[in-house]
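Below is one structure, written out as structure tokens, with a few remarks after it.
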Amino acid sequence: MTVPAGALTAATAGSRSDQSGMRGFEVDFLPADFRVGQMRRITSAHLRLWDLTALCDTATLAVSELVTNALRHGQGNPVGLRVTSSDDELRIEVTDGNPTPARLREAGESAENGRGLLLIAALAKEWGVSTDGSMTWCSLAIPEGRS
């Protein structure tokens, strides 16, 4: 389920689950800086609902970095956030419509940005970019004991 940009709340963020144990939500929104915090809050609320509080800090940091990258480099295109959970993995996907793929880069010591994907690479089980370059994703291992 996709939620229109004007209808973003944790209650209407498009949560779903199926018989295989897969659950998730998807939100599409117009680019604006305040959306970063909003997407963190929506993600955190779903993780609590799914009994995945052990992943809240890491997942919300990943959402912050990926959504911020989409806002900065998405050329004004709408942004999409999809978070799905299976038995062993939480997957975070952010689309921005820009065909230029996200890439790791070296930030100088005094640089105030440029380390987002380095953080993702350090925190995630794995990460990558779609073949068309418009979606960046990462996966986090779900710890045993879960919360």
Decide whether Asp51 and Thr53 meet the rule of one side-chain donor and one side-chain acceptor closer than 3.5 Å.
no

Could you tell me which residues satisfy salt bridge (Lys or Arg N to Asp or Glu O under 4.0 Å) with Arg40, sequence neighbours excluded, listed by chain and number?
none

Side chain to side chain contact (heavy atoms under 4.5 Å, CB included) between Trp137 and Leu66, intermediate numbers included:
CA-CA 8 Å; Trp137 61 271; Leu66 294 177; 6.0 Å; no

Taken to the nearest 0.5 Å, the spacing of Ile120 CD1 from Asn69 CG works out to 8.0 Å

Tell me if a side-chain donor or acceptor on Ser134 pairs with a main-chain N or O of Gly97 at a distance below 3.5 Å.
no

Run the side chain to side chain contact (heavy atoms under 4.5 Å, CB included) test on Asp28 and Glu26 for me, step by step, so that the C-alpha distance in whole Å, both residues' side-chain angles and the decisive distance to 0.1 Å come before the verdict.
CA-CA 7 Å; Asp28 293 325; Glu26 184 172 342; 4.2 Å; yes

Evaluate Phe25 against Thr84 for side chain to side chain contact (heavy atoms under 4.5 Å, CB included), listing each step before the verdict.
CA-CA 7 Å; Phe25 70 91; Thr84 56; over 6 Å; no

Test item: Arg91 and Met22 side chains (from C-beta on) under 4.5 Å apart, heavy atoms
no

With heavy-atom distances below 4.5 Å as the criterion, would you say the side chains of Phe29 and Val67 are in contact?
yes

What heavy-atom pair brings Thr136 and Ala102 nearest, and what distance separates the two atoms?
OG1-CB, 3.5 Å

Write down the atom of Pro78, the atom of Pro31, and the distance for their closest heavy-atom approach.
CA-CD, 4.1 Å

Distance alone, cut at 3.5 Å: any donor-acceptor contact between the side chains of Gln38 and Arg35?
yes

Is there a continuous path of hydrophobic side-chain contacts, each under 4.5 Å between heavy atoms, that joins Val129 to Val63?
yes

Non-hydrogen side-chain atoms of Leu90 and Val83 separated by less than 4.5 Å
yes

Tightest non-hydrogen contact, residues Asn98 and Gly74, listed as CB-CA, 4.1 Å

Determine whether Asp87 and Ile142 satisfy the following criterion, side chain to side chain contact (heavy atoms under 4.5 Å, CB included), listing intermediate values before the conclusion.
CA-CA 7 Å; Asp87 289 337; Ile142 293 180; over 6 Å; no

Taking side-chain contact (heavy atoms from CB on, under 4.5 Å) as the test, write out the residues that go with Asn77, two or more places apart.
Gln75

Run through Thr68, Leu81, Leu71 and flag the one making a side chain to side chain contact (heavy atoms under 4.5 Å, CB included) with Val94.
Leu81

Assess whether salt bridge (Lys or Arg N to Asp or Glu O under 4.0 Å) is satisfied between Arg72 and Asp33, documenting all intermediate values.
CA-CA 9 Å; Arg72 298 291 172 260; Asp33 288 343; 3.0 Å; yes

Considering residues at least two apart in sequence or located in another chain, which fulfil the side-chain contact (heavy atoms from CB on, under 4.5 Å) criterion with Ser44?
Arg48, Cys56, Thr60

Please name the pair of heavy atoms, one in Ala141 and one in Leu55, separated by the smallest distance, quoted to 0.1 Å.
O-CD2, 3.6 Å

Interatomic distance, SG@Cys138 vs CD@Glu65, rounded to 0.5 Å, equals 10.5 Å

Thr58 versus Leu140: any side-chain heavy-atom pair under 4.5 Å?
yes

With a cut-off of 6.0 Å (strictly less than), are more than 12 heavy atoms of other residues, nucleotides or ligands near CG of Asp132?
yes

Give me the atom names and distance for the closest heavy-atom approach of Ile92 to Ala62.
CD1-CB, 3.9 Å

So, Asp96 side chain and Val79 main chain: donor-acceptor pair closer than 3.5 Å or not?
no

